[in-house]
There are 2 protein chains.
Amino acid sequence: MTASGPSGDELVEMLAALAHPIRLRIVATLAGGRDYVSRLARELGVSRPLLHMHLRRLEVAGLVVGRLELSEDGKAMKYYDVTDFSLHLTASAVAEAAKTLTKQDPEKGPRPKEHT
Amino acid sequence: MTASGPSGDELVEMLAALAHPIRLRIVATLAGGRDYVSRLARELGVSRPLLHMHLRRLEVAGLVVGRLELSEDGKAMKYYDVTDFSLHLTASAVAEAAKTLTKQDPEKGPRPKEHT
DNA sequence: TCTACGTGTAAGTAGTTTCTGACACGTGTC
DNA sequence: GACACGTGTCAGAAACTACTTACACGTAGA
């Protein structure tokens, strides 16, 4: 209970967010310091619309946060930071999270857990 | 840090394998005891071809292992078990893993198109 | 005004993943 | 033989993701 992580749906969301080379690289880069979108795009060698999509995916999953700031020369810059996430993935942790999955639950019984 | 986990590519593979409600449920069910394909399919309410595909994905990622056994009445049953995986996901762990990513690495050196 | 830099989004395409519905094989039993 | 149960795979549809191109807006400076 104290080690209760995210819900099943949230866990799927976080895992899916991290399960992509570019997004892994985004998190890795931001772990070394915050950055704004255009610069991050240049560093990673991806287009800004593409990076924008990946950042949104990461932000929805709660792994990064973005904040709009004004630079000294009046430009609106969107700075991103990694959040302080920590996930410990084991079979039992997964089993715990899976209890709260809401997506496509086939009408099986309450808990058909018999086994020989 | 001697807690060197999987390589970047392996990590992406494992995360992608877990980032699906059905596969999360497969791992959760197997965590409660090993099972064979047909029965697992019945318990989870998915078709066998579908389950077969998901199991393969999990096995490739190293999260489950399957073993063909002969039942007493001569049937070939494929039993699956969860492996003893343990992943600790934090921003710095991700940063560490991202160093070894081989997929689509843009050349980070010179700026490609920095026209003055 | 035009350029350079920042933001964001919409539309279309290419590619992958997911899923179903066949089909193949095997055994043991009625 | 027909049936019930186990294994596996192939082909195609549907859904989703990733990505590009092109556009919109903003300010500052020559």
Side-chain angles (χ1 to χ4, degrees), chain A residues 9 12-26 34-61 64-80 101 103-106 115-116, chain B residues 9 12-26 34-61 64-80 101 103-106 111-116:
Chain A
D9 297 350
V12 168
E13 182 89 49
M14 296 175 85
L15 293 173
L18 286 174
H20 191 285
I22 291 186
R23 292 196 289 264
L24 216 60
R25 207 112 43 86
I26 291 173
R34 55 196 237 117
D35 214 342
Y36 62 93
V37 180
S38 288
R39 192 148 86 94
L40 193 52
R42 263 180 265 124
E43 296 208 352
L44 295 176
V46 302
S47 68
R48 267 179 297 112
L50 182 57
L51 179 62
H52 193 266
M53 188 234 283
H54 286 308
L55 281 172
R56 187 153 40 92
R57 201 111 154 65
L58 287 168
E59 189 163 30
V60 165
V64 304
V65 275
R67 195 170 34 207
L68 204 59
E69 298 181 13
L70 279 186
S71 70
E72 299 201 352
D73 51 343
K75 286 181 195 139
M77 329 275 281
K78 187 144 192 189
Y79 275 90
Y80 275 90
L101 275 177
K103 290 169 186 172
Q104 61 172 359
D105 215 7
H115 85 271
T116 52
Chain B
D9 297 351
V12 168
E13 182 89 48
M14 299 175 83
L15 293 173
L18 286 175
H20 191 284
I22 290 187
R23 293 196 288 265
L24 215 61
R25 208 114 41 86
I26 290 173
R34 54 193 239 118
D35 214 341
Y36 62 93
V37 180
S38 288
R39 192 146 88 94
L40 193 52
R42 265 181 265 121
E43 296 209 352
L44 295 177
V46 302
S47 69
R48 264 180 300 115
L50 183 56
L51 179 61
H52 192 267
M53 188 235 281
H54 286 309
L55 281 171
R56 187 154 39 92
R57 203 111 153 64
L58 286 168
E59 189 162 31
V60 165
V64 304
V65 275
R67 194 170 34 205
L68 205 59
E69 297 181 13
L70 279 185
S71 70
E72 299 202 350
D73 52 341
K75 285 179 194 139
M77 328 275 281
K78 189 145 193 189
Y79 275 89
Y80 275 91
L101 275 176
K103 291 169 186 172
Q104 60 171 359
D105 212 10
R111 293 294 166 271
K113 190 64 184 294
E114 197 135 19
H115 207 81
T116 52

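Here the structure is a predicted model, which is why all the values come from computation and not from measurement. Lettering follows sequence order; numbering is per chain, from 1.
For C/dT17, the OP1/OP2 oxygens have no side-chain nitrogen or oxygen of B/H54 closer than 4.0 Å. In this structure, A/H20 does not reach the D/dT17 phosphate: none of its side-chain N or O atoms is under 4.0 Å from OP1 or OP2. Taking 4.0 angstrom as the limit, A/R57 places a side-chain polar atom (N or O) nearer than this to OP1 or OP2 of D/dA18.
The residue among B/M77 and B/H52 whose nearest nucleotide of DNA chain D lies closer to the 5′ end is B/M77.
Atom CD of A/E72 and atom P of D/dG29 are 12 Å apart (whole Å). Straight-line distance from the CZ atom of B/R25 to the P atom of C/dC19: 10 Å, rounded to whole Å. Across the protein-nucleic acid pair, A/Y80 atom OH and C/dG6 atom C1' stand 14 Å apart, rounded to whole Å. If you take CD of A/E69 and C1' of D/dT27, they are 17 Å apart, rounded to a whole angstrom. Protein atom CD1 of A/I22 is 16 Å distant from nucleotide atom P of C/dG15, rounded to whole Å. Distance CD1 (A/I26) to C1' (D/dC19): 13 Å, rounded to an integer number of Å.
Among all heavy-atom pairs drawn from B/R48 and B/S38, the shortest one is CD-OG, 3.2 Å. For A/A61 against A/A17, the heavy-atom pair with the smallest separation is CB-CB, 3.7 Å. Residues A/M77 and A/S71 share a closest heavy-atom pair of CG-CB, 3.9 Å. Considering all non-hydrogen atoms of both residues, B/A16 and A/A19 come closest at N-CB, 3.4 Å.
Among the heavy atoms of the strands lying under 4.0 Å from B/R23 are primed sugar atoms or P, OP1, OP2 only; no base atom is included. Nucleic acid contact class of A/R56 (heavy atoms, under 4.0 Å, all strands): none.
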Summary of protein contacts for nucleotides 20-29 of chain C, nucleotide by nucleotide, where a base hit scores B, a sugar-phosphate-only hit scores S (4.0 Å, heavy atoms)
BBB----SS-
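For the atom pair CZ of A/R39 and OH of A/Y80, the computed distance is 15.5 Å after rounding to the nearest 0.5 Å. The CG atom of B/L101 sits 10.5 Å away from the NE2 atom of A/H20 when rounded to the nearest 0.5 Å.
The salt bridge (charged side-chain N to carboxylate O under 4.0 Å, His left out) test with A/E69 is passed by exactly one of A/K78, A/K75, A/R34: A/R34.
Taking the C1' atoms of five terminal pairs at each end of the helix from C/dT1-D/dA30 to C/dC30-D/dG1, the two resulting helix axes are inclined by 30°, rounded to 10°.
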Show every donor-acceptor pair shorter than 3.5 Å between a side-chain atom in residues 49-57 of chain B and any protein atom, with sequence neighbours excluded, or say none if there are none.
| from | atom 1 | to | atom 2 | distance (Å) |
| --- | --- | --- | --- | --- |
| B/H54 | ND1 | B/R23 | NH1 | 3.0 |

